[in-house]
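Structure first, then comments.
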Amino acid sequence: RKEVEQDPGPFNVPEGATVAFNCTYSNSASQSFFWYRQDCRKEPKLLMSVYSSGNEDGRFTAQLNRASQYISLLIRDSKLSDSATYLCVVKPYNNNNDMRFGAGTRLTVKP
Amino acid sequence: ETGVTQTPRHLVMGMTNKKSLKCEQHLGHNAMYWYKQSAKKPLELMFVYSLEERVENNSVPSRFSPECPNSSHLFLHLHTLQPEDSALYLCASSQDRDPYNEQFFGPGTRLTVL
């Protein structure tokens with residue numbers, strides 16, 4: 001089983017749609033969770049951290065389910081500029097700098 | 001310059017060449033990383049330096065040799081590479097030991113090995 005698994009997509013949605021991505025992780029002791037965004041031919045950038053209680057940043061909502069070992073990202077009212085690859089990232093331990101990346105879910109928002 | 005910079009942005013080399021990738025961070029961070037990103041695969045962590053000491057080496061072949069002369073600079077020395085080493089090589093930096101530390105990435109070096 002992969003350490004961090006994501007549906008590769010692609011997800012093709014119209015502007016204004018709501019879209020959700022899920023990610024599962026294999027290490028039940030994992031401590032920290034993130035969503036990164038990577039635009040085509042660009043470097044990854046942090047979109048948001050994922051906290052145990054769930055958190056929201058504008059149109060983006062992240063949820064963590066430790067019992068089922070999955071993380072989700074919900075994007076409401078999709079914009080054309082949301083088109084990118086979304087990377088699920090898991091930090092297995094808090095005492096080092098190791099980060100495990102999923103292969104990413106590709107989203108295309110169309111007019 | 002701000003953030004994380006990498007040079008060169010593109011590199012084409014033969015299997016017998018020796019080249020080096022350079023990374024510089026201007027964020028005052030104390031941890032730096034090399035990642036390899038191949039098409040349709042997850043980012044693979046290659047090396048981690050924390051406080052200028054290598055703390056992780058994920059079974060990377062010896063044809064890749066990192067160097068971290070100070071907390072702002074990181075190099076990846078390449079020699080006798082194979083065509084399957086062609087990929088995007090990303091450098092990142094962060095503040096060590098913060099559980100929610102954000103890693104800031106450079107733009108990457110796209111490497112092609114002929």
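For the numbers below, each heavy atom of this structure counts, side chains included, while hydrogens, waters and symmetry mates do not. Convention: sequence-line order gives letters A, B, ...; per-chain numbering from 1. If you're wondering where the values come from, they're calculated on a predicted model, not measured in any experiment.
- For A:F11 and A:F21, the distance between ring centers is under 6.0 angstrom.
- Ring pair B:F75/B:H77 is parallel by interplanar angle, where below 30° counts as parallel and above 60° as perpendicular.
- Residues A:V13 and A:D82 form no side-chain contact, since every pair of their non-hydrogen atoms from C-beta on lies 4.5 Å or further apart.
- Heavy-atom distances place no part of A:Q6 under 4.5 Å from chain B, backbone and side chain included.
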Practice item. Mind running side chain to side chain donor-acceptor pair (under 3.5 Å) on B:Q37 and A:Q38 for me, showing each step along the way? Key: CA-CA 12 Å; B:Q37 187 173 35; A:Q38 187 171 22; 2.9 Å; yes

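- Looking only at heavy-atom pairs under 4.5 Å with chain B, the residue among A:P44, A:G104, A:P8, A:G102 that has the most is A:P44.
- When the heavy atoms of residues 102-114 of chain B are compared with those of chain A, the residues falling under 4.5 Å are B:E102, B:Q103, B:F105, B:G106, B:P107, B:R110, listed by number.
- In this structure the side chain of A:K91 never reaches within 4.5 angstrom of the side chain of A:Q31, judged on heavy atoms.
- Side chains of B:Y35 and A:M99 form a contact here, defined as non-hydrogen atoms less than 4.5 Å apart.
- The shortest distance between side-chain heavy atoms of B:K41 and A:F101 does not fall below 4.5 Å.
- For a residue to count as touching a neighbouring chain, one of its non-hydrogen atoms must lie under 4.5 Å from one of that chain's; by this rule B:L43 touches chain A with backbone and side chain alike.
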